[in-house]
Amino acid sequence: MRSDLTDEDRCFSQRLAARRILARISRQRLALAAKLSEATIKHIERGRTKPSLRSLHSLLTVPTLGLTLDDIPHTLREAVEQLLALQPVTCPPKADPRKK
């Protein structure tokens, strides 16, 4: 583990690994779902790297993990919250008026 990681970073690393294992998904499947590399997942879980804002945002979008903003290290929570607020809202496609 890196020495510059905070206790919160270490807790998040352990929490991510535990959530992934409880969800019964491999690092590879999680990486695909979160649109991250498998190496990124491994390095975060093992405490070799601090998760970036992008990585945290991506991991929050994987429903099977069940991560919430409360799981994010406090020092990064506000920034991740702002990223989530910028996420575009997807609307269902408009119905074709010719198909009635």
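The analysis underlying the following values was restricted to heavy atoms, covering all of them including side chains, and did not include hydrogens, waters or symmetry mates. Each residue takes its place number in the sequence, starting with 1. This one's a predicted model, so the numbers in the text were calculated from it and none came from an experiment.
- Here the straight-line distance linking atom NZ of Lys50 with atom CZ of Arg10 works out to 9.5 Å at 0.5 Å rounding.
- Using a 4.5 Å heavy-atom cutoff, the side chains of Thr64 and Arg24 are not in contact.
- In this structure, Arg15 and Asp71 approach most closely via the heavy-atom pair NH1-O, 3.0 Å.
- Minimum interatomic distance between Ala34 and Leu59 (heavy atoms only, all atoms of both residues): CB-CD2, 4.2 Å.
- Proximity of Phe12 to Leu56: side-chain heavy atoms (C-beta onward) are separated by under 4.5 Å at one or more points.
- For the atom pair CD (Glu38) and NE2 (His43), the distance works out to 10.0 Å, reported to the nearest 0.5 Å.
- Between Lys35 and Thr61, the closest side-chain pair of non-hydrogen atoms is not below 4.5 Å.
- In this structure, the side chains of Arg54 and Leu36 come closer than 4.5 Å at one or more pairs of heavy atoms.
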What's the verdict on side-chain contact (heavy atoms from CB on, under 4.5 Å) for Leu83 and Leu53, showing C-alpha distance, side-chain angles and the deciding distance?
-> CA-CA 8 Å; Leu83 274 178; Leu53 291 177; 3.9 Å; yes

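- In this structure, the separation between CZ on Arg27 and CD1 on Ile41 is 9.0 Å, given to the nearest 0.5 Å.
- Annotation for Glu45 and Ala17: closest pair OE2-CA, 3.5 Å, computed over non-hydrogen atoms.
- Residues Thr40 and Ser55 have side chains in contact (heavy-atom distance under 4.5 Å, counting atoms from C-beta outward).
- When the shell of 6.0 Å around CD of Glu8 is examined, it contains more than 12 heavy atoms from other residues, nucleotides or ligands.
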Is there a side-chain contact (heavy atoms from CB on, under 4.5 Å) between Leu67 and Val62 once you walk through the steps?
-> CA-CA 8 Å; Leu67 290 173; Val62 180; over 6 Å; no

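- Between the CZ atom in Arg48 and the NZ atom in Lys42 there is a gap of 6.0 Å [rounded to 0.5 Å].
- Nearest heavy atom pair, residue Leu65 against residue Arg19, reads O-CD, 3.3 Å.
- With rounding to the nearest 0.5 angstrom, the OG atom of Ser37 is 10.5 Å from the CG atom of Leu32.
- The 12-atom threshold is not exceeded at CD of Glu78, counting heavy atoms of other residues, nucleotides or ligands nearer than 6.0 Å.
- Taking CD1 from Ile44 and CG from Asp9, the interatomic distance works out to 10.0 Å, rounded to the nearest 0.5 Å.
- For the pair Leu60/Ile72, a side-chain contact is recorded, criterion being any heavy-atom separation below 4.5 Å from C-beta on.
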